[in-house]
A.B. asks: 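Dropping the structure in here first, questions after.
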Amino acid sequence: MYPYLRVARVLARAALKPRVGLDRTSELALRVLPSDIDTYPEMNNGRFWTIMDLGRYDLAFRMGLMQMARRKGWYFVVAGGSIRYRRRLPPFARFVLRTKLVGHDGRWFYFIQEFVHRERIAAQAVVRAGLRTKTAAIPSTTILSAVGREDWAPPLPEWVKAWIAAEEVRPPL
């Protein structure tokens, strides 16, 4: 089940936090709940993906992007991602979810998200995401213009570029 109460809590807290720029990192202190675990017991691999939504929501809200998207009738989409699991997150473990917008390619935005438990990375992901209308994806350059940051173009990390290149050689769906 989708964690709607967690989403509401993250957004309510984001409204109380200071606004941030595009180059800032969101950090959410979270805990592995019974609804997050699988039969082993540890956080379920699929739940990592769901929890990453929370980090991107916090960051988008604090950047003012979520409010702008709502006004324009745009909505958020994930277009791909890759995750590396390194350490388990046991039931009730406290962890920090770090979310950073690292760049864009003119079409998509790229985020790096890390789950940190006991000062060690438990999982790290790259996520390709953006905004769209009901009929089309909105180029990242259009979104940046809408927030007055058309000049924002940091170089993507090399490993993110390599991931993008690997995605390009996949057979089409």
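Basis for what follows: all heavy atoms, side chains included, without hydrogens, waters or symmetry-related copies. It should be emphasised that the depicted structure is a prediction, and the values quoted were computed from it without experimental measurement.
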A.B. asks: When you look at CG of L173, are more than 12 heavy atoms from neighbouring residues, nucleotides or ligands closer to it than 6.0 Å?
C.D. replies: no
A.B. asks: Counting only N and O atoms by type, is there a donor-acceptor contact under 3.5 Å from the side chain of Q113 to the main-chain atoms of M52?
C.D. replies: yes
A.B. asks: Any non-hydrogen side-chain atom of M63 less than 4.5 Å from a side-chain atom of L101?
C.D. replies: yes
A.B. asks: If I take atom CZ from residue R120 and atom CD from residue E114, how far apart are they, to the nearest 0.5 angstrom?
C.D. replies: 14.0 Å
A.B. asks: Are P154 and D23 packed together at the side-chain level, in the sense that at least one heavy-atom pair is separated by less than 4.5 angstrom?
C.D. replies: no
A.B. asks: How close do G55 and L97 get, heavy atom to heavy atom, and via which atoms?
C.D. replies: N-CD2, 3.6 Å
A.B. asks: Are S82 and E167 close enough that some pair of their side-chain heavy atoms sits under 4.5 Å apart?
C.D. replies: no
A.B. asks: Is there a donor-acceptor pair closer than 3.5 Å between any side-chain N or O of R107 and the backbone N or O of P139?
C.D. replies: no
A.B. asks: Passes side-chain contact (heavy atoms from CB on, under 4.5 Å), I83 versus Y85? Steps please.
C.D. replies: CA-CA 6 Å; I83 191 167; Y85 302 100; 3.4 Å; yes
A.B. asks: Between V78 and V126, is there a shared hydrophobic cluster once you connect ILVMFWY residues whose side-chain heavy atoms come closer than 4.5 Å?
C.D. replies: no
A.B. asks: Nearest 0.5 Å, what's the CG-OG1 distance between D36 and T50?
C.D. replies: 9.0 Å
A.B. asks: Within a reach of under 6.0 Å around CZ of R88, are more than 12 heavy atoms found that belong to other residues, nucleotides or ligands?
C.D. replies: yes
A.B. asks: Are L11 and L5 co-members of a hydrophobic cluster defined by side-chain heavy atoms under 4.5 Å apart?
C.D. replies: no
A.B. asks: Tell me if the CZ atom of R149 is crowded by more than 12 foreign heavy atoms within 6.0 Å.
C.D. replies: yes
A.B. asks: After noting the C-alpha distance and the side-chain angles of Y110 and V127, does the key distance pass the side-chain contact (heavy atoms from CB on, under 4.5 Å) rule?
C.D. replies: CA-CA 6 Å; Y110 295 89; V127 177; over 6 Å; no
A.B. asks: Nearest 0.5 angstrom please: Y57 OH to T99 OG1, how far?
C.D. replies: 12.0 Å
A.B. asks: Quick one: sort the F109 and W152 rings into parallel, tilted or perpendicular, breaks at 30° and 60°.
C.D. replies: tilted
A.B. asks: Got more than 12 heavy atoms from elsewhere within 6.0 Å of OH, Y40?
C.D. replies: no
A.B. asks: Under a 4.5 Å side-chain heavy-atom rule over Ile, Leu, Val, Met, Phe, Trp and Tyr, are W49 and I112 clustered together?
C.D. replies: no
A.B. asks: Can you check whether F61's main-chain N or O pairs, donor with acceptor, with Q67's side chain at less than 3.5 Å?
C.D. replies: yes
A.B. asks: Within a 6.0 Å radius of atom CZ on R132, are there more than 12 heavy atoms belonging to other residues, nucleotides or ligands?
C.D. replies: yes
A.B. asks: Apply the test side-chain contact (heavy atoms from CB on, under 4.5 Å) to residues M43 and F95: give CA-CA distance (whole Å), side-chain angles for both, the deciding distance (0.1 Å), then the verdict.
C.D. replies: CA-CA 11 Å; M43 186 184 293; F95 64 93; 3.6 Å; yes
A.B. asks: Does R31 use its side chain to pair, donor to acceptor, with the backbone of F92 at less than 3.5 Å?
C.D. replies: yes
A.B. asks: Would I138 and K72 count as a side-chain contact (heavy atoms from CB on, under 4.5 Å) here? Give the steps.
C.D. replies: CA-CA 11 Å; I138 302 163; K72 292 184 174 282; over 6 Å; no
A.B. asks: Between D58 and R56 (salt bridge meaning N to carboxylate O under 4.0 Å), is one present in this structure?
C.D. replies: no
A.B. asks: Side chains of V116 and R98: closer than 4.5 Å at any heavy-atom pair?
C.D. replies: yes
A.B. asks: Do R6 and L33 come close enough that some side-chain heavy atom pair is under 4.5 Å?
C.D. replies: yes
A.B. asks: Knowing that exactly one of L28, L89, L30 qualifies, which makes a side-chain contact (heavy atoms from CB on, under 4.5 Å) with I51?
C.D. replies: L30
A.B. asks: Working to the nearest 0.5 Å, report the span between CG of L144 and CG of L65.
C.D. replies: 9.0 Å
A.B. asks: Of all heavy-atom pairs between I37 and P91, which one has the smallest distance, and what is that distance?
C.D. replies: CG2-CG, 3.9 Å
A.B. asks: Is the side chain of T133 donor-acceptor paired with the backbone N or O of W74 at a distance under 3.5 Å, no angle test?
C.D. replies: no
A.B. asks: Is the backbone of S35 close enough, under 3.5 Å, to the side chain of R47 for a donor and an acceptor to pair up by distance?
C.D. replies: yes
A.B. asks: Can you name the nearest heavy-atom pair linking A146 to M68, along with the distance?
C.D. replies: CB-SD, 3.4 Å
A.B. asks: Among the clusters formed by ILVMFWY side chains lying less than 4.5 Å apart, do I143 and L156 turn up in the same one?
C.D. replies: no
A.B. asks: Do F48 and V96 belong to the same hydrophobic cluster, where Ile, Leu, Val, Met, Phe, Trp and Tyr are linked whenever their side-chain heavy atoms lie under 4.5 Å apart, directly or via other members?
C.D. replies: no
A.B. asks: Would a 4.5 Å heavy-atom cut-off, applied to side chains only, mark W108 and I164 as touching?
C.D. replies: no
A.B. asks: Just so I know, are the side chains of R87 and R118 near enough to count as touching, which here means a heavy-atom distance under 4.5 Å?
C.D. replies: no
A.B. asks: With a 4.5 Å limit on heavy-atom distance, are the side chains of V32 and H117 in contact?
C.D. replies: no
A.B. asks: Taking all non-hydrogen atoms of both residues, which atom of H104 and which atom of S140 are closest, and how far apart?
C.D. replies: ND1-OG, 3.0 Å
